[in-house]
Amino acid sequence: MSISELRHLDKQTGVMPTDLASLEAWLDLKLDEKLAQRKAERTPSLAIIATKGSMDMAYPPFILASTAAALGWNSSIFFT
């Protein structure tokens with residue numbers, strides 16, 4: 001059974017196939033769909049560790065974090 005036939009069967013009846021080969025193909029299809037959905041919903045993130053104590057060395061992490069936030073990323077800075 002082909003992937004297009006499985007998509008048609010699943011949308012039409014909502015029933016899983018019963019033979020082993022079709023079931024494996026159906027499970028692979030469902031896994032691919034779910035992984036693509038999770039990847040699309042994922043928000044990238046950035047963590048920066050600032051190790052220098054002076055203000056001159058604090059500006060680069062602030063610039064990087066604010067740029068990441070402007071692009072829609074979750075960003076955080078850890079100062080040591």
Side-chain angles (χ1 to χ4, degrees):
M1 189 174 263
S2 71
I3 298 295
S4 60
E5 291 171 345
L6 285 172
R7 281 192 180 115
H8 181 68
L9 175 70
D10 186 44
K11 288 179 182 176
Q12 208 172 40
T13 63
V15 179
M16 292 189 325
T18 55
D19 62 292
L20 185 58
S22 296
L23 182 60
E24 285 179 0
W26 184 81
L27 286 172
D28 288 339
L29 175 68
K30 289 296 183 182
L31 178 63
D32 290 341
E33 287 175 358
K34 189 57 93 171
L35 289 175
Q37 178 186 5
R38 286 185 71 190
K39 186 176 181 180
E41 293 173 354
R42 184 177 170 273
T43 302
S45 60
L46 173 71
I48 300 170
I49 301 173
T51 59
K52 303 289 182 179
S54 66
M55 277 304 283
D56 289 341
M57 295 309 290
Y59 288 122
F62 287 141
I63 292 168
L64 290 170
S66 63
T67 302
L71 293 173
W73 289 36
N74 294 329
S75 60
S76 60
I77 303 173
F78 178 77
F79 292 94
T80 59

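From a predicted model like this one, the values you see are computed outputs, not experimental measurements.
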Among residues at least two apart in sequence or on other chains, which ones pass side chain to side chain contact (heavy atoms under 4.5 Å, CB included) with [X]?
X	result
Ser54	Asp56, Met57
Gln37	Lys34, Glu41
Thr80	Ile49, Thr51, Phe78
Asp28	none

- line: Heavy atoms of Ile77 and Ala50 approach each other most closely as CG2-CB, 4.3 Å
- prompt: Is Leu31 isolated, or which residues cluster with it under the ILVMFWY side-chain rule of less than 4.5 Å, directly or via members?
  reply: Leu35
Indicate every side-chain donor-acceptor pair of residues 64-76 with a distance under 3.5 Å to a residue at least two apart or in another chain.
from  : atom 1 : to    : atom 2 : distance (Å)
Ser66 : OG     : Phe62 : O      : 3.0
Ser66 : OG     : Ile63 : O      : 3.1
Thr67 : OG1    : Ile63 : O      : 2.8
Ser75 : OG     : Ala65 : O      : 3.2

- request: Any ring pair (Phe, Tyr, Trp, His ring centres under 6.0 Å) involving residues 35-59? Give me the pairs, sequence neighbours left out, ordered by first then second residue.
  value: none
